[in-house]
Structure formats: C-alpha cells, structure tokens
Number of protein chains: 2
Amino acid sequence: MTNEQHASLRIEHVPQTLRELAVERLRAAIMSGRFPSGYRLVERTLVDQLGVSRSVIREAIRYLEAEGLVEIQPRQGPIVATLDWDKARQIYDIRLRLEAAAAADCARLLDTSARADLQAALQRLKEAFLSDDPQVLYDATTRFYEVIFVTAGHHIAWEIVQRLNGRISRLRALTLASTDRHVSGQARMQRIAEAIFAQDPDRAGEAVREHLTEAAEIASKLLHVANKDDQRMGQ
Amino acid sequence: MTNEQHASLRIEHVPQTLRELAVERLRAAIMSGRFPSGYRLVERTLVDQLGVSRSVIREAIRYLEAEGLVEIQPRQGPIVATLDWDKARQIYDIRLRLEAAAAADCARLLDTSARADLQAALQRLKEAFLSDDPQVLYDATTRFYEVIFVTAGHHIAWEIVQRLNGRISRLRALTLASTDRHVSGQARMQRIAEAIFAQDPDRAGEAVREHLTEAAEIASKLLHVANKDDQRMGQ
DNA sequence: TACGGAATGTTGGCATACCATCTTCCGGTC
DNA sequence: GACCGGAAGATGGTATGCCAACATTCCGTA
C-alpha cells in the first residue's frame, strides 16, 4: 500500500508524452493569467502555438476540463473557466477544512524526518517573503503546504487542494502579493509551523483557519475590485 | 452569478457528443464493477465494444483519468484505478468533513422550498430501503445528499464528493448492501434529516459524522475481506 | 438603399492512418 | 534440447483528413 508515500515530494515525474507536456503548458498559461478567464481555447490556434497536433491538444483540454480549469461551452468549444465570488468562497471554505485537518494530523504524526522537511520549507518560505519574485513566494507557499499534507498522509486531499488552487490561482497570486498579506502572512505561517512543531493539533488547525479566513477576506476585496474593473472595461 | 443555482437538480444535460456518452458508459462500467479494479482499458477493444473511434475513447479516458477513476501506467496504458484501504480511509475522511459542513449549512439555510425537496428525498430514501434493488437505494442516497449540498450552496464540494464516491463506488455499494447498515443506516439518515428540519447545524453535522464514521468502519471490514479474497484467488 | 441568400471561412466532432515500442513466439543454430 | 535472434502482433502516441454546424461576408435583387 501507498508505495508512493512520498512521491509528491520528488521532482514530479518528468513528463514524457507530448500530451502531458501540453497539459502542463496549458495549465501554466491559464494559471499565470496569460490565458485569462473566459478566453477561448481554439484548437487550431493552440496547435500552432504549441507545435503539436490537434489530438494532443484535444486530449489535454479534456483533462483540464475534468480538472475544472477549462469549461466547454456547447457549440462553442472550450474556454478558460470563469470564477465568481460565490465559487471562490466555496473553494476557500473547502480549502479551510481540508488544510486545517491536514495541519492537525501533521502535528499528530510529526516525526524527525518530517520535522526537518517542514523546517526546510519554512526557511525557504521566509526567504521567499524577502524575494521580489511572486513566483518564488507562490512556489514556497505551495511547498510548505505540501509538506503538511504529505506528512499528515492526506495525499488525496492534497490533490484536491492543488486543483482548487488552480481554479483560484490568479486570486491567490493577488492575495500573496498584497502588502498586508506580506506582513501578516509570514507571521501566520510561522504560527502554523510553531503549532505543528509543538505537536498541538488543535492549535495547528486553528492557526490554519485564521490564516485562510484572512486570505479569503483579502481575496473577496480583490475579486470585487477586479470585477468592477471588468465591468468598467466592458468585459 | 451562479446562474446554475439548481442545475444539478435537473435531469443532467442530455449528452450530445459521442465523447460525453463514452465517458458516461465507461464510468458506469467501472462503477458497476463490470470493469474491475486494475482492469486494462485497451483502446482498440473499447473501440469495438462502444462502436466509436479511438479519438473518442482516448478523450474519454483522459477525462476519467483526471477524475481519478482511471490510472495511466507508463508504457502500459490506462487501467481502472485501484483502491487500497489507505486511499479509502482518506476519501471517507474528506467526505466526512465536506458532508458535515454541507449538512450544517443546509440546516442554516433551509427554506420552505428546500424543506419540501429534502422531505421528498427522505421519503424516497425510506421507500428505497424497502426495495430489493441496490441501484434504487444507491440513487436515493445520492439524491438525499444532493439536496443537502445544493441547499447549502456547496456546489463545488458536491462535485468533489461525487468524484470521490466514484472512486469508492464498489465499497459504497457493498456498504449500502450490508444488512447492519440496512437497519441502522435508515435510522441515521432519519436523524440527519431531523436535525436539518430542526435547523440545528451542530446536531446535523454531528449526525453526519456518526453516519459516515460507521460507514467507514463497515467499509474497512468489507475491504479487508475483499482483499483477502483477492489474495486467495491470486489476483 | 435595404434585405435576403448564397458562398466562404471558422471551428469542433469524429474517424483513420502511421509510427515506435514492447511483447511474444517461432525457428535456427550450437 | 536449450538458447538466442528476428519477425510478427499488440498497443499506445501522434498526426492528418473529412464533415457538419455555425458565423461571416458579399453580391444581387427589389
């Protein structure tokens, strides 16, 4: 069982097929905002852009469709999934529950090896907060949570959270970039880590809940501002 | 926003493309156990069985792969996803958290219309418990939860739970069929409904937790028995 | 000038063809 | 008889071709 216990800690299976590569490229393009919400994914255009055949593109789109990153409009084909505040709220709520549970179990199951992993992830996170590159902070945050989920043995929950994060990636990037967040985020992350190091499940869960509640509030403001911008710009 | 507020209550978008049809057929075949765990999904064989081209089959497989119902083995192609107790445990744990949250919010948000829906679903569930057809009970149970999730506004959580249910469908069928379950299951469902009708979120959440904890225990026993059978039969 | 329709282009759905790799099996040689 | 090598089959990966539906444009007629 679980012969992939720490599989997700590793370098993530170098993609071999064009299809896997295409999925990654498209996902990156969507999550980075290069393909904005509602953007039409015209197959033949993507063929030119990625330099692969339509078969590959279409299969990649099917995958991303099931993942929730792409929606199919009947008679119009695939578009980048849209996000309104109701959906975002639901996603933050699910994340809150799954991440709190993971942090609590992580605190319970912490062993020497996991402690070292978490320590390293926390250190990297601290450095990332000093960095100017949003991507670095994004990656470090992801890594921090990954250690928590994997240590807790919540592999499936981690997959779910990663997918949900994909759907709110732009919101998440904005949230992480927010200056308020910059200050308090680091402190909150620190508190999560401390509770886990102290092996206090309740406090770890509570720390995550506070952290994510704040994140959701910031996201709410940002999304509403963004929506107003969209309306003003007529899109 | 949420212009599909009650979309999932309806008859579910009559599939138009062969691909959607193929996804449904394959999913049904897997969930019913006709394609058992680990079964190789050979594309050209499926072409003959479903009477469509490989393009359609392959795209359907991509979708089910992202859904977690199918796994791709490098250099061997797709197989029906396998399930060990560690994965099943994780899935039950996630379901527990999401369903408890949905029941609580459902209790909070219950209005006249939702009350009627839930009442109808409960009635159908009671009749299903008297039925001999496992499928009827399965469908009625699904419908009961669907009303809870939709009323709570937890549409995304409902999608996630449905997917997770797909991955443990055989376990779930066994659990529902278990005679112990037959007796206590109905009582527990009744308690969940009563707590929601009383608009008592805490009690509703607790009732769901008890219900699912029991279900997970039954599933645990069944899965371990099944695994022993598998070993005995050399597969 | 305005309206209708036909021609053309765009695009997704579906089918098929080709190729590389891996497996299997058969035959020949030692 | 055993072992090795190659041919044939099986199978997934990829590319391409065809078609129907829909949108767009342009021309002809009233």
Side-chain angles (χ1 to χ4, degrees), chain A residues 12-30 34-82 234-235, chain B residues 12-30 34-82 234-235:
Chain A
E12 282 299 344
H13 165 54
V14 180
Q16 296 171 343
T17 65
L18 286 180
R19 162 170 47 90
E20 289 174 284
L21 211 56
V23 167
E24 293 191 3
R25 291 290 176 83
L26 289 178
R27 182 163 34 212
I30 293 172
R34 181 171 166 194
F35 291 168
S37 211
Y39 184 82
R40 280 192 67 179
L41 298 171
V42 179
E43 298 175 357
R44 286 173 175 81
T45 306
L46 295 175
V47 164
D48 294 338
Q49 290 176 334
L50 296 192
V52 295
S53 76
R54 275 184 71 205
S55 318
V56 174
I57 297 291
R58 284 178 62 87
E59 290 184 26
I61 288 176
R62 290 312 146 237
Y63 194 97
L64 295 173
E65 178 192 355
E67 205 170 293
L69 229 52
V70 165
E71 295 171 355
I72 306 299
Q73 295 204 317
R75 294 175 183 163
Q76 287 195 44
I79 64 171
V80 175
T82 57
Q235 212 287 47
Chain B
E12 281 300 344
H13 165 53
V14 181
Q16 295 171 344
T17 65
L18 286 181
R19 163 169 45 89
E20 289 173 283
L21 211 56
V23 167
E24 292 190 4
R25 292 289 176 84
L26 290 178
R27 181 161 37 208
I30 293 172
R34 182 172 165 193
F35 290 169
S37 210
Y39 185 82
R40 280 191 68 177
L41 298 171
V42 178
E43 298 174 357
R44 284 171 176 81
T45 306
L46 295 175
V47 164
D48 294 338
Q49 290 176 335
L50 296 191
V52 296
S53 76
R54 274 184 71 204
S55 317
V56 174
I57 297 291
R58 285 179 62 88
E59 289 182 28
I61 287 176
R62 290 312 145 239
Y63 195 97
L64 295 173
E65 178 191 355
E67 206 170 293
L69 229 50
V70 165
E71 295 171 357
I72 305 299
Q73 295 203 319
R75 294 177 183 162
Q76 288 194 45
I79 63 171
V80 175
T82 57
Q235 211 286 46

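- Atom CD1 of residue A:Ile57 and atom CD of residue A:Glu43 lie 8.5 Å apart, to the nearest 0.5 angstrom.
- In 5' to 3' order, the nucleotides of DNA chain C bounding all contacts with chain B (an atom under 4.0 Å from a heavy atom) are C:dG13 to C:dC22.
- Residue A:Leu41 is in sugar-phosphate contact alone, with no base atom involved, counting any heavy-atom pair closer than 4.0 Å across all strands shown.
- Here B:Glu67 contributes atom CD and B:Leu26 contributes atom CG; the two are 11.0 Å apart, rounded to the nearest 0.5 Å.
- If you walk DNA chain D from 5' to 3' and mark each nucleotide with an atom closer than 4.0 Å to a heavy atom of chain B, the marks span D:dT11 to D:dT14.
- To the nearest 0.5 Å, the span separating CG on A:Leu41 from CZ on A:Arg58 amounts to 12.5 Å.
- Interatomic distance, B:Tyr63 OH to B:Arg19 CZ, rounded to the nearest 0.5 Å: 9.5 Å.
- When the nearest nucleotides of DNA chain C are assigned to B:Ser55 and B:Arg44 by heavy-atom distance, the more 5′-ward of the two goes with B:Ser55.
- Using a 4.0 Å heavy-atom distance criterion, B:Arg19 is classed as a sugar-phosphate-only contact.
- By the 4.5 Å heavy-atom criterion applied to side chains, A:Val80 and A:Leu69 are not counted as neighbours.
- The CD atom of A:Glu65 sits 13.0 Å away from atom CD of A:Glu59, with the distance rounded to the nearest 0.5 Å.
- Between A:Ile61 and A:Leu46 the shortest side-chain heavy-atom distance falls below 4.5 Å.
- Here the CZ-OG distance, from A:Arg44 to A:Ser53, works out to 11.5 Å after rounding to the nearest 0.5 Å.
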